[in-house]
**Q** 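The structure that follows is given in the form of structure tokens.
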There are 2 protein chains.
Amino acid sequence: MTDHAPLKLERFLPYRLSILSNTVSQAIAREYQQEFGLSMTEWRVMAVLARFEPLSAREVAEHTAMDKVAVSRALSRLVEAGRVDRERHGNDRRRSVLRLSEEGWRVHDAVAPRARNHEREMLAQLSREEIDTLARILDKLAPV
Amino acid sequence: MTDHAPLKLERFLPYRLSILSNTVSQAIAREYQQEFGLSMTEWRVMAVLARFEPLSAREVAEHTAMDKVAVSRALSRLVEAGRVDRERHGNDRRRSVLRLSEEGWRVHDAVAPRARNHEREMLAQLSREEIDTLARILDKLAPV
DNA sequence: CCGTTATAGTTTCATCTGTAACCATTTGCA
DNA sequence: TGCAAATGGTTACAGATGAAACTATAACGG
């Protein structure tokens, strides 16, 4: 047997990050799905529209770090469900002009507090100092 | 306009974690894929076998936090590729007995240092104190 | 023993995701 | 102008993923 130096997966940072992120995202996603029939991607699109509307699909993609195909699909479901209104841009007929509908706002206002709550529960396990450091780490490793 | 209190997605922790994790994982996955035709899941299975072999498929699933379906699929590709040897357990013929093949060890020994390297590059952006705190945070939020 | 229940692993199906190709429209510039 | 290149967005295809059903074997309780 030669010296194979196997990797300790459970100490390997990319692995641990992936586990944590999946655990958290799936817990949240499951809830949105069950109560509002809303996928994670759909929710991200709605959250961005709530903040910056009106936006084009491309702008939604920029804000959400999703690619344009994913955005297009999420939007077609949201428009179908009557949660987003889509118009054509007056000067550039390629662009869409996207806004939350009234129903979209209702869903947003129901989901947003729950989202915050999930984050709060997560952070409640950490000390003040750990929270600050985590924010700093994320700024360094994944600047938005 | 009523008070809609939209969510700041780019400050929302689950979102940021997901971005970071996906960025890191995809960068690594792409490399393994190109050079060894190895998916992330396959690599995880190999890493665990390297450390604990022989294992049954269920044990691999426990160590990797993957579900048994994902493990089964990864294993069938690895066995097919001659990277893992699969036998039946003597006393319990439901179980498989899994080990890296010689070829599997060769791949492992080529990939493991690269994996460590990725981690090192990532950590190089952080201070000693941030690294320690991050480890502590992960222990709290995603105990393995 | 024998029938029920549990376990190991695979297969199936429906959904999701990423990449590339595609269509329509607009822009840039010869 | 008018034609090539760029842009916004959708569609098509291929591979990945998760839940549930299924097969085979083993364990358990009367």
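By convention in this document, chain letters (A, B, ...) are assigned in the order of the sequence lines, proteins followed by strands, and residues within each chain are numbered from 1.
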**Q** Could you pick out which residue, Arg58(A) or Gln26(A), lies toward the 5' side of DNA chain D when each is mapped onto its nearest nucleotide?
**A** Arg58(A)

**Q** Before accepting this row, confirm whether a basic side-chain N of the pair Arg106(A)/Glu103(A) lies closer than 4.0 Å to the acidic partner's carboxylate O.
**A** yes

**Q** Counting the atoms with a prime plus P, OP1 and OP2 as sugar-phosphate, which does Arg77(A) contact under 4.0 Å by heavy atoms, base, sugar-phosphate, or nothing?
**A** nothing

**Q** From the options dT25(D), dG8(D), dT10(C), select the nucleotide whose nearest atom is closest to the side chain of Arg95(A).
**A** dG8(D)

**Q** What is the distance from CZ of Arg93(A) to P of dA6(D), rounded to the nearest Å?
**A** 23 Å

**Q** Does the pair Arg136(B)/Asp132(B) count as a salt bridge with the N-to-O cut at 4.0 Å?
**A** no

**Q** Rounded to whole angstrom units, what separation is found between the NE2 atom of His89(A) and the P atom of dT27(C)?
**A** 10 Å

**Q** Using atom CG of Asn22(B) as one end and atom P of dG18(C) as the other, report the distance to the nearest whole Å.
**A** 8 Å

**Q** Less than 4.0 angstrom from a charged side-chain N to a carboxylate O is my criterion; do Arg16(A) and Asp139(B) meet it?
**A** yes

**Q** Indicate, with a heavy-atom threshold strictly under 4.0 Å, whether Ser96(A) touches base, sugar-phosphate, or nothing.
**A** sugar-phosphate

**Q** Between Arg30(A) (CZ) and dT15(C) (P), how many Å, whole number?
**A** 17 Å

**Q** Does Arg77(A) come within less than 4.0 Å of Glu80(A), counting only side-chain N to carboxylate O?
**A** no

**Q** Hey, does Ala57(B) reach any base, or is it just sugar-phosphate, or nothing, if we go heavy atoms under 4.0 Å?
**A** sugar-phosphate

**Q** CG of Asp92(A) versus C1' of dA24(C): gap in Å, rounded?
**A** 11 Å

**Q** Whole Å only: how far is the CZ atom of Arg73(B) from the C1' atom of dT17(D)?
**A** 6 Å

**Q** Using only side-chain N and O atoms of Ser72(B), determine if any of them is under 4.0 Å from OP1 or OP2 of dT10(C).
**A** yes

**Q** In whole angstrom, give the distance that lies between atom CD of Glu42(A) and atom P of dT15(C).
**A** 13 Å

**Q** Please determine whether any donor N or O and acceptor N or O are separated by less than 3.5 Å between the side chain of Arg88(A) and the base of dG9(D).
**A** no

**Q** Counting only side-chain heavy atoms from C-beta out, which of dG9(D), dT10(C), dT10(D) sits nearest to Ser56(A)?
**A** dG9(D)

**Q** Rounded to whole Å, how long is the line connecting atom CD of Gln33(B) with atom C1' of dA16(D)?
**A** 11 Å

**Q** Taking for each residue the nucleotide of DNA chain C bearing the nearest heavy atom, is the 5' side occupied by Asn91(A) or by Asp67(A)?
**A** Asp67(A)

**Q** Nearest to the side chain of Lys68(B), which nucleotide is it out of dT19(C), dT17(D), dT10(C)?
**A** dT10(C)

**Q** Taking the nucleotide of DNA chain D with the nearest heavy atom to each, does Leu75(A) or Arg94(B) sit closer to the 5' end?
**A** Leu75(A)

**Q** Output yes when Arg51(B) and Glu10(A) qualify as a salt bridge under the 4.0 Å nitrogen-oxygen rule, no when they do not.
**A** yes

